[in-house]
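We name chains A, B, ... by the order of the sequence lines, and we start the count at 1 in each one.
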2 protein chains.
Amino acid sequence: MVYKSGNGRRIKAIDTTFAIVETLAEHECVRLSEIADFVGIANSTASEHLSTLQDYGYVVKEANGYRLGLRFMDTGTQAKRYYDELLTASKPVLEQLVNDTDETVNLVTKENDMAVYLDRLFGNRGVPTDSWVGKRRPLHMLAAGKAILAQLPEDELDAILDHRELAAASDHTITARDDLKRELGTIREKGISFNDRESHKQIRAVGTAIVLDDGVHGAVSVAGPAKRFTGSYFQEEIPNLLLGAVNEIELNLTYQ
Amino acid sequence: MVYKSGNGRRIKAIDTTFAIVETLAEHECVRLSEIADFVGIANSTASEHLSTLQDYGYVVKEANGYRLGLRFMDTGTQAKRYYDELLTASKPVLEQLVNDTDETVNLVTKENDMAVYLDRLFGNRGVPTDSWVGKRRPLHMLAAGKAILAQLPEDELDAILDHRELAAASDHTITARDDLKRELGTIREKGISFNDRESHKQIRAVGTAIVLDDGVHGAVSVAGPAKRFTGSYFQEEIPNLLLGAVNEIELNLTYQ
DNA sequence: CTGCCTATTCGGTAATACCGAACGGGCATC
DNA sequence: GATGCCCGTTCGGTATTACCGAATAGGCAG
């Protein structure tokens, strides 16, 4: 599946290659002919792409098919380096936050116009989820994502909203632009965002943005089962712990 | 830099794209014109590649240039899934090994014809190195790599040796095919491999392959400073601990 | 406003990504 | 050990497009 065309011309061969990569990501070990069928290309084309990818280590050829190579991890680690400062400033604070809450704690940032998980810490009561470091999700349906959106300059926010549809992940997802903008206003005021079953049917979360003089650097969120995330625990206790933690991260970032 | 051509025709556009990715991996944040210069392509070509990569999240556009995106981490995590079984079977054993030795412990596997780090654990005396999970290195210059090579079927070994030059990383690296094959024979006999400053000038290491009925699954190595890795500590103590640990991993893999 | 620098757009063409058919190699069946 | 089947690779040919270069547009400083 080809993502929305950014601006300008695109390189079609790269679309083909990443369609193959996506197929490999979804299935453990795939035969060449299956890949070709799935992507909708000739066997010969798939063969040429795969042998090129193999040369770089992005794909591994096994006896019974092809699979993704750890070269992606290698390059991914290089990509993560960009966030070293943020990660080291956050790590001890997030660990304390997990200790205090025993819930799931997320560190999230924005890349292009998507939310990306930078770190995830699980308390004993933490809910299992389908997200991991590097996982990308729409900003508008996450507590951390909305906290980030609320801190963006108006024009940048509009650019993102123009670009992406407000896709729904549950029947609580905010899909109307006006509703979202109104909520972002109150988030900016209070410094706290809530996700009330907007990304998963059974999950609530609280978020706060990490903001320095030069803008927003990311956001922290605490997520948990909707059943337990209610009342003042959800609306006051968690937010207060979160505000303290994020403030500490901001201080760590400012003073080295 | 284009890696050796596997077999068959290659897709040149992918070479261009990954040349760009490599440039971004080496430099933190790069302007478009710098990328184009570095790779040796026109600005317009770089622009088209970058906007395609950006659509997938493999590249992020910042105010002052382009950088790698965490999408590589995402896909890398998927790739790592393939090794979940090996990793969970090894983890507790490797932790025990770090406790016992206080040195650096590596879990390595083979992808295509390269060694790839799957896990790294550092003891208090562990040496700092330039390797991380996903990092690829030639098999023939690593303790773990030679342990793996020694367990390959003859034809597969020859295919690898035909394919790759025995590159040197120090003046102790084995670069003669005959020498290597002879050493692999004794490694196969004793079940233990040594790296005597063959990959780094100042590092020695000991390795053992993880072997089941269906072949070799990877290898574990213990590495340390050449100054301290000497005598019976290097030649007996560490090997004995390693053999015990790998045996335990093999048992874990066999019985669930 | 002017000049400078950087990124994107766009026309044209040489290069190639892609397909389809033919080839080859492995594995099972008779 | 011959035959048939399946899967992957090789290879010729062509419509497509990746690539370049020049022109355009967008920032930023003076």
Rounded to whole Å, CG of A:Asn64 lies from P of C:dC27 at a distance of 12 Å

Whole-Å distance, B:Lys61 NZ to D:dG27 C1', equals 13 Å

Whole-Å distance, A:Asp37 CG to D:dC6 P, equals 14 Å

Problem - Over-ring placement of A:Arg71 relative to A:Tyr56, 6.0 Å and 45° cut-offs - result: no

Sorted by chain and number, sequence neighbours left out, side-chain hydrogen bond (donor to acceptor under 3.5 Å, both in side chains) with A:Glu154 holds for A:Lys181

Q.
Hydrogens and angles aside, do A:Asn106 and A:Ser221 bring a side-chain donor and acceptor to less than 3.5 Å of each other?
A. yes

A:Leu50 CG to C:dC18 P, in whole Å, measures 12 Å

Here the distance between atom P of D:dT9 and atom CG of A:Leu53, to the nearest Å, is 13 Å

Taken to the nearest whole Å, CZ/A:Arg31 to P/C:dC27 is 11 Å

Between CD1 of A:Ile14 and P of C:dC18 the distance, given in whole Å, is 11 Å

Item to complete: Could you tell me whether A:Lys80 and A:Asp119 have a side-chain N and a carboxylate O separated by less than 4.0 Å?
Response: no

For A:Tyr82, the ring-ring contact (aromatic ring centres under 6.0 Å, His included) test, sequence neighbours excluded, returns none

Verify whether one side chain among B:Asn195 and B:Ser199 offers a donor that lies under 3.5 Å from an acceptor in the other.
yes

Dump every N/O contact between nucleotides 17-23 of chain D and the protein below 3.5 Å, one line per pair.
residue : atom : partner : partner atom : Å
D:dT17  : OP1  : A:Lys12 : NZ           : 3.1
D:dA18  : OP1  : A:Lys12 : N            : 3.4
D:dA18  : OP2  : A:Arg10 : O            : 3.2
D:dA18  : OP2  : A:Lys12 : N            : 3.0
D:dC19  : OP1  : B:Thr16 : OG1          : 2.8
D:dC19  : OP2  : B:His49 : NE2          : 2.4
D:dC19  : N4   : A:Arg9  : NH1          : 3.2
D:dC20  : OP2  : B:Ala42 : N            : 2.7
D:dC20  : OP2  : B:Thr45 : OG1          : 2.5
D:dG21  : O6   : B:Ser44 : OG           : 2.6

Here the distance between atom P of C:dG26 and atom CG of A:Leu32, to the nearest Å, is 17 Å

